[in-house]
Number of protein chains: 2
Amino acid sequence: MNLKQLSNILGISQTTVSRALNGYPEVSEKTRALVLAAAKKHNYMPNTKAQALATGKSKMIGFVLPLSSQHEILNPIFGDFLAGAAQTYKQEGYDTNLALTDNETQAETYRDMHAKGSVDGVIVQAPRENDERVAILKELGLPFVVHGRATGSNDYHYVDVNNTHAFINATNFLLDLGHKRIALINGNEELDFAIRRNHGYTQALKDRDIDIDHSIMFNSEMTEHFGYETTLKLLALENPPTAAVVSSYALAIGVRRALGESGLRIGKDFSVVIHDDDLSYLRNGEAQPVFTATRSSIRHAGQLCAKVLLDVIKNPSQPPQQVILEAQLIVGSSTGPAPT
Amino acid sequence: MNLKQLSNILGISQTTVSRALNGYPEVSEKTRALVLAAAKKHNYMPNTKAQALATGKSKMIGFVLPLSSQHEILNPIFGDFLAGAAQTYKQEGYDTNLALTDNETQAETYRDMHAKGSVDGVIVQAPRENDERVAILKELGLPFVVHGRATGSNDYHYVDVNNTHAFINATNFLLDLGHKRIALINGNEELDFAIRRNHGYTQALKDRDIDIDHSIMFNSEMTEHFGYETTLKLLALENPPTAAVVSSYALAIGVRRALGESGLRIGKDFSVVIHDDDLSYLRNGEAQPVFTATRSSIRHAGQLCAKVLLDVIKNPSQPPQQVILEAQLIVGSSTGPAPT
DNA sequence: TGAAATATCCAAAGCGCTTTGAAAAGAATT
DNA sequence: AATTCTTTTCAAAGCGCTTTGGATATTTCA
């Protein structure tokens, strides 16, 4: 069933049917009702391709998924973020288009998407220092918003968590419990959020005149395995830390495993504060949090990103919208006073 | 840059340019080379919408994500599956279209996608008993393949793991270690795979003349929390089991937490065999598996589903392609002889 | 009642591509 | 050299929609 057929059935021109469907005022309420009823009856829906071609808007938002760096992106974070974002798009009639690439051709993918006219806007994930994607998207004039921040320029739209502040808080929380030697287990240090978390951690220590010990600061892929291995290393030190700030729930699972195998009780012999993205699948407890954490819902971030992007699509030449979310400190059972 | 502009630049008709680009034989190699060079130079890519409209093929595969049932779908499994599938599509020039819906209108969403002409085929996830989606898609004539199986009819394309066999193996492994009382912690019992796993488990017990005790069989959402709670319940029984077969890694993390808090050593005091989807993000160990598991890569399943779907799109009226994958039993450190 | 204003509708063009059917050019055959 | 057969190219139609500009019907006002 297409427009032509529907208008034939109704004995009305395509123009009028189209207008009736799209809510234009120059059509009487009587015929509009007729049209709407017929459309529903015959289950008519406008062909999106034809619509896109005629209007010049594709009504699609693009996501680019890098394939090679599996751990960083292809993770539960992505799913939750996407769910939040897509949900928001949907309300405005936008669809979601996924494009996979290897890391090298990622920027190229944005260029292609634009050339092919398949999206009206895109979201940039996991920005790095001076991320080239930002430059390219600006050059193309394709609306975009960054989830996170790309250190370097600052004139673009983004939604980010205040990572620095979150990790200052996390570290302070442990310091207040009397911990003096606190490790950091963090994400890959090319990524902006990891850099900021490193900063927050060191900042908090400096503020209490505690020397930074780089041998208990770790940056890598945020896997369970890395959390596990790192914790074993830490415990094997001659002067092991009594606590750690850990950048994700997945890492923390590895930390807990290592502690368990070493016979240490979490929250008693060793304290852990994590950053909790509040993933719907991997919840940090239900009513009661398990790990003490700085929590910030990634799904909510997805919703905000989407909202901003839709706004930017509507009105492209507006000043940068920059949203900073504050993580909330929640206390679980993974922290306790420093052992004496 | 569009076809018209490009052909103007070249001084060649649109027809010839289009043919040159699409590899048709009725164009000389000389002009083809010219066209290709110019296209690359001006970064020309055909507008997908126009192409789709002209050809009647959208070159898009649809995924429907139910929103309300967060745990079951919006999880790492989905990400990995999608990555595998999308990777395969991409090789054939297909894009991925994501549609979110609440659970109730899920079938409706497939209908809409088809009416709007936005996809050439779809994948059905997490089938239930006599899943209505299968019926609808057949009625629409929209190519589809099911990931998993929808008990009931059997004349459709699917890719599935041999869940029954996997759980027979898992249970037997524990039985061989001398465990007599083995719990089952499994997914929601409306889902086909959970039903089959239940069958496999009971089958193995029956084969050894062990009575089925429904009070140590659990079906629900496969969350860490459910794993944790269930294990605490099991340990509180007057006659607690000495082992469990667990349907996912996430569940098993909860099981391990409960064991740890109860002072039980996993693989010594209590054995656990899991089903491991080999997720790229949540790996069950690296070189050495942590949990003893029946492993079957969900990403691989995604690739296979995609391959089948592309094949079906090309040749819609073929006999059902039905792929059954066998899970591989891998031995980790979560299992040991039954305590005496 | 007639002119002006307004409300309703429609025919046709155009979005950027593919593809048919025909024409032009070149090669092969007599 | 004239004819036939291939190869190469092109003009134009069509995919299903939106939208412009104009036509027709209806209402309003003098």
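Quick note on labels: first sequence line is chain A, next is B, and so on, each numbered from 1.
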Quiz item: Is any side-chain nitrogen or oxygen of A:Asn2 closer than 4.0 Å to OP1 or OP2 of D:dC15?
Solution: no
Practice problem: Answer yes or no: is there an ion pair linking B:Glu92 with B:Lys307, defined by an N-O contact shorter than 4.0 Å? | Solution: no
Practice problem: Answer yes or no: is there an ion pair linking A:Asp155 with A:Lys138, defined by an N-O contact shorter than 4.0 Å? | Solution: yes
Exercise. Report which part of the nucleic acid A:Glu26 touches: base, sugar-phosphate, or nothing (heavy-atom distance under 4.0 Å, all strands).
Key: base
Quiz item: So what does B:Ser18 hit on the nucleic acid, given a heavy-atom distance under 4.0 Å: a base, only sugar-phosphate, or nothing?
Solution: base
Exercise. When you get a sec, tell me which of D:dC17, D:dT18, C:dC9 is the closest nucleotide to the side chain of A:Ala50?
Key: D:dC17
Self-check item: Atom-pair distance (CD on B:Gln14; P on C:dC15), nearest Å
Solution: 11 Å
Self-check item: Side-chain N,O (A:Tyr24) to OP1/OP2 (D:dT19) below 4.0 Å
Solution: yes
Quiz item: Could you state the NZ-P distance from A:Lys49 to D:dG16, rounded to the nearest angstrom?
Solution: 13 Å
Exercise. Classify the side-chain pair B:Thr15/B:Ser18 by whether it contains a donor and acceptor separated by less than 3.5 Å.
Key: no
Self-check item: Parallel, tilted or perpendicular: ring planes of A:Tyr89 versus A:Tyr94, cut at 30 and 60 degrees
Solution: tilted
Quiz item: Taking only side-chain nitrogens and oxygens of B:Asn47, does any of them come within less than 4.0 Å of OP1 or OP2 of C:dC15?
Solution: no
Exercise. Return the nearest nucleotide to the side chain of B:Leu53; candidates are C:dC9, D:dC17, C:dG16.
Key: C:dG16
Practice problem: Return the value, rounded to whole Å, for the distance between atom CD1 of B:Ile12 and atom P of C:dT18. | Solution: 15 Å
Quiz item: Rounded to whole angstroms, how far apart are NZ on A:Lys116 and P on C:dC17?
Solution: 13 Å
Practice problem: Whole angstrom is fine here: how far is it from NZ in A:Lys30 over to P in C:dT8? | Solution: 10 Å
Quiz item: Is B:Ser28 touching bases, backbone alone, or none of the nucleic acid, heavy atoms closer than 4.0 Å?
Solution: sugar-phosphate
Quiz item: Between atom CZ in B:Arg19 and atom C1' in C:dG21, what is the gap in whole Å?
Solution: 10 Å
Quiz item: NZ of B:Lys59 versus C1' of C:dT18: gap in Å, rounded?
Solution: 14 Å
Practice problem: Examine A:Tyr158 together with A:His147 and report whether their ring centres are nearer than 6.0 Å. | Solution: no
Practice problem: Return yes if the base of C:dA11 and the side-chain atoms of A:Thr15 contain a donor-acceptor N/O pair under 3.5 Å, otherwise no. | Solution: yes
Quiz item: Looking at B:Gln51, does any N or O in its side chain come under 4.0 Å of the phosphate oxygens OP1/OP2 on C:dG16?
Solution: no
Self-check item: Selected nucleotide, minimal atom distance to B:Thr16 side chain, candidates C:dC9, D:dT9, C:dT18
Solution: D:dT9
Quiz item: Base, sugar-phosphate alone, or nothing: which one does A:Thr31 contact when heavy atoms must sit under 4.0 Å apart?
Solution: sugar-phosphate
Quiz item: Rounded to the Å, how far apart are B:Leu3 CG and C:dT19 C1'?
Solution: 12 Å
Quiz prompt | Minimum side-chain heavy-atom gap A:Val35-A:Leu21 below 4.5 Å | solution = yes
Quiz item: Quick one: which of C:dG16, C:dG21, C:dC9 gets closest to the side chain of A:Val27?
Solution: C:dC9
Quiz item: If you check the A:Pro46 side chain, which of D:dC17, C:dT18, D:dT19 turns out closest?
Solution: D:dC17
